[in-house]
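Take a look at the structure set out below.
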Amino acid sequence: MTLGRLGPATAAVTTHVSRSSDATPPGMPVKGPLVDQFGRVVRKLRVSLTDRCNFRCLYCMPDGDVPWIPSEEILSVDEIERVVRICARMGVEKIRLTGGEPLLRPGVEEIVERIRGIPGIRAVSMTTNGFLLEEKAAALKAAGLQGINVSLDSLDRDRFRQLTRRDELERVLAGIRAAARAGLEPIKINAVVMRGINDGEIETFLRWAREQPVQLTIRFIEFMPLDGSNVWTRDLVYTADEILEQARRVAPVEEVHNDPSDPARLYRFADGRGTFGIIASVSRPFCHACDRIRLTADGKIRNCLFAVEEYDLREMLRAGATDGDIEQAIRRAVWVKWRGHLINQQGFVKPQRAMYAIGG
Ligand code: SAM
Ligand code: SF4
């Protein structure tokens with residue numbers, strides 16, 4: 001398939017933003033762990049530091065002019081720290097910084113350090129496109145960052161450029177090497193697989209990872225309907241089963257005992273040389289064990305990647321709300337989380353925000 005076949009754009013619905021004055025839903029606990037109506041407990045928070053990005057990945061960003069969030073609407077470092085602190089008091093333990101491209105956020109090292117220092121936070125990690133990693137890896141490590149996920153969808157220069165709309169493969173590879181030198185651990189590689197574009201590279205990726213001197217866990221991600229150009233169609237999704245079939249051509253594969261809350265199902269090669277993961281949000285949804293929520297760069301809580309409703313904290317933060325008020329607003333946002341996303345059902349409604357603006 002060529003990129004020219006992709007399209008056309010379709011309209012998405014407007015995201016509904018709930019106001020902080022919403023009443024407490026019946027049955028919702030007002031203290032204790034952060035729990036939803038189906039009993040799932042939230043332990044992880046993904047914090048988007050910015051929606052800005054220096055890449056234009058085909059599966060994420062619109063091409064051309066991007067409607068960035070105005071800078072005055074982006075949460076300040078103090079505001080981010082406050083929300084994380086409130087979440088940590090309710091049992092959130094792990095923070096992943098994302099975006100947009102989180103390394104474009106000025107003072108990202110300070111953000112890592114401040115979040116790392118919050119009582120109850122056990123780990124701070126990041127998902128990045130790797131472009132600025134070579135220059136920032138050592139400082140991030142010093143600030144307390146642990147794991148890093150680097151997005152890399154192709155090891156072929158032309159295809160990398162086609163997918164990211166940037167000719168920067170070498171720079172991203174240098175970023176991964178710098179992360180290893182700095183001691184960031186674990187290092188995971190995220191590769192979104194699009195049928196007809198990079199689905200032929202799965203074996204290459206796995207063989208490459210097996211040759212590296214440090215452990216790199218590649219996670220193949222099914223293409224989700226969260227792109228900014230509305231190019232997603234079901235036939236572009238290269239499924240977990242198809243990915244596994246290719247992996248088995250490299251060496252015999254066995255499934256690892258999986259943590260159900262990890263979106264990636266993990267596998268290892270029986271010869272002991274490498275593990276890899278598959279994030280099969282489309283063909284094998286894992287909503288039943290979901291333990292995460294998201295904070296967008298402009299201060300909205302999203303209880304699901306595919307949510308069409310958001311819960312505004314920024315207005316509360318800037319209008320003098322108490323920590324207790326904000327805590328209850330977060331509890332309400334989590335309580336109403338749905339049982340699972342509806343990608344595979346008729347009537348699925350694509351969220352208005354694309355991945356770069358949600359914080360993937
Ligand atoms: N800019 C950083 C990066 O690319 O790693 C962080 C933000 S990016 C939105 C987070 C992750 O979402 C990346 O690994 C990216 O590959 C993934 N992603 C973006 N759009 C996606 C889509 N439509 N389907 C599946 N994964 C997607
Ligand atoms: Fe930017 Fe990451 Fe989206 Fe690519 S996937 S456009 S690097 S935010």
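For ligands, and for the atoms within them, numbers begin at 1 and follow the listed sequence.
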If you measure every N or O of Thr98 against every N or O of ligand 1, does any of those distances drop under 3.5 Å? no

In terms of atom number and element, which parts of ligand 1 are under 4.0 angstrom from non-hydrogen atoms of Cys60? 19 (C), 20 (N)

Glu101 heavy atoms within 4.0 Å reach ligand 1 at atoms 1 (N), 2 (C)

Going by the rule salt bridge (charged side-chain N to carboxylate O under 4.0 Å, His left out), which residues pair with Lys141 if we only count those two or more places apart in sequence or in a different chain? none

For atom 8 (S) of ligand 2, which candidate among Ser48, Pro102, Pro62, Gly100 holds the nearest heavy atom? Gly100

Would you check whether Tyr59 has a nitrogen or oxygen atom less than 3.5 angstrom from a nitrogen or oxygen atom of ligand 1? yes

Sub-4.0 Å heavy-atom approach of Gly99 to ligand 2: no

In terms of the angle between their ring planes, are Tyr267 and Phe276 parallel, tilted or perpendicular, with boundaries placed at 30° and 60°? parallel

Can you list the steps and then say if Asp199 with Arg195 is a salt bridge (Lys or Arg N to Asp or Glu O under 4.0 Å)? CA-CA 5 Å; Asp199 55 324; Arg195 186 183 305 282; 5.0 Å; no

List ligand 1 atoms under 4.0 Å from Asn190, heavy atoms only on the residue side. 14 (O)

Applying the salt bridge (Lys or Arg N to Asp or Glu O under 4.0 Å) test to Asp241, which of Arg248, Arg265, Arg284 qualifies? Arg284

For salt bridge (Lys or Arg N to Asp or Glu O under 4.0 Å), just list the numbers for Arg89 and Asp323, CA-CA rounded to whole Å, side-chain angles, deciding distance to a tenth of an Å, and then say yes or no. CA-CA 10 Å; Arg89 281 190 216 123; Asp323 282 5; 3.3 Å; yes

Could you tell me whether Thr128 approaches ligand 1 through its side chain, its backbone, both or neither, with non-hydrogen atoms closer than 4.0 Å? backbone

Could you state the interatomic distance from CG (Asn54) to CG (Leu103), rounded to the nearest 0.5 Å? 9.0 Å

Of the listed options Cys53, Gly100, Gly99, closest to atom 1 (N) of ligand 1 (non-hydrogen atoms): Gly100

Give me the nearest non-hydrogen protein atom to atom 9 (C) of ligand 1 as residue plus atom name, then the distance to 0.1 Å. Met355 CG, 3.4 Å

What's the shortest distance from atom 26 (N) of ligand 1 to any protein heavy atom, and which residue and atom give it? Val192 CG2, 3.5 Å

Note, atom 4 (Fe) of ligand 2 has protein N, O or S atoms under 2.8 Å numbering 1

Quick one: look up the protein heavy atom nearest atom 24 (N) of ligand 1 and list residue, atom name and how far away it is. Met224 N, 2.9 Å

Under 3.5 Å side-chain donor-acceptor pair for Thr296 and Glu310: no

Evaluation steps, salt bridge (Lys or Arg N to Asp or Glu O under 4.0 Å), between Lys136 and Glu109: CA-CA 8 Å; Lys136 290 193 178 274; Glu109 299 86 350; 3.4 Å; yes

Counting from 1 in the order shown, the ligand 1 atoms closer than 4.0 Å to a non-hydrogen atom of Phe223 are 23 (N), 24 (N)

Would you mind checking which non-hydrogen protein atom is closest to atom 11 (C) of ligand 1, with the distance to 0.1 Å? Thr127 CG2, 4.2 Å

Would you mind reporting whether Arg96 and Asn149 have side-chain heavy atoms less than 4.5 Å apart? yes

Going by atom types alone, do Thr128 and Glu101 pair a side-chain donor with an acceptor below 3.5 Å? yes

Between the side chains of Glu242 and Thr239, does any donor sit under 3.5 Å from an acceptor? yes

Which protein heavy atom lies closest to atom 5 (O) of ligand 1, and at what distance to 0.1 Å? Ser151 OG, 2.5 Å

Can you tell me if Thr233 and Asp235 form a side-chain donor-acceptor pair at under 3.5 Å? yes

What atoms in ligand 1 come closer than 4.0 Å to a heavy atom of Ile221? 25 (C), 26 (N)

Do Arg332 and Tyr311 form a cation-pi contact, if we require the NZ or CZ to be under 6.0 Å from the six-membered ring centre and within 45 degrees of the ring's axis? no

Would you say the side chain of Tyr238 lies within less than 4.5 Å of the side chain of Phe223, judging by non-hydrogen atoms? no

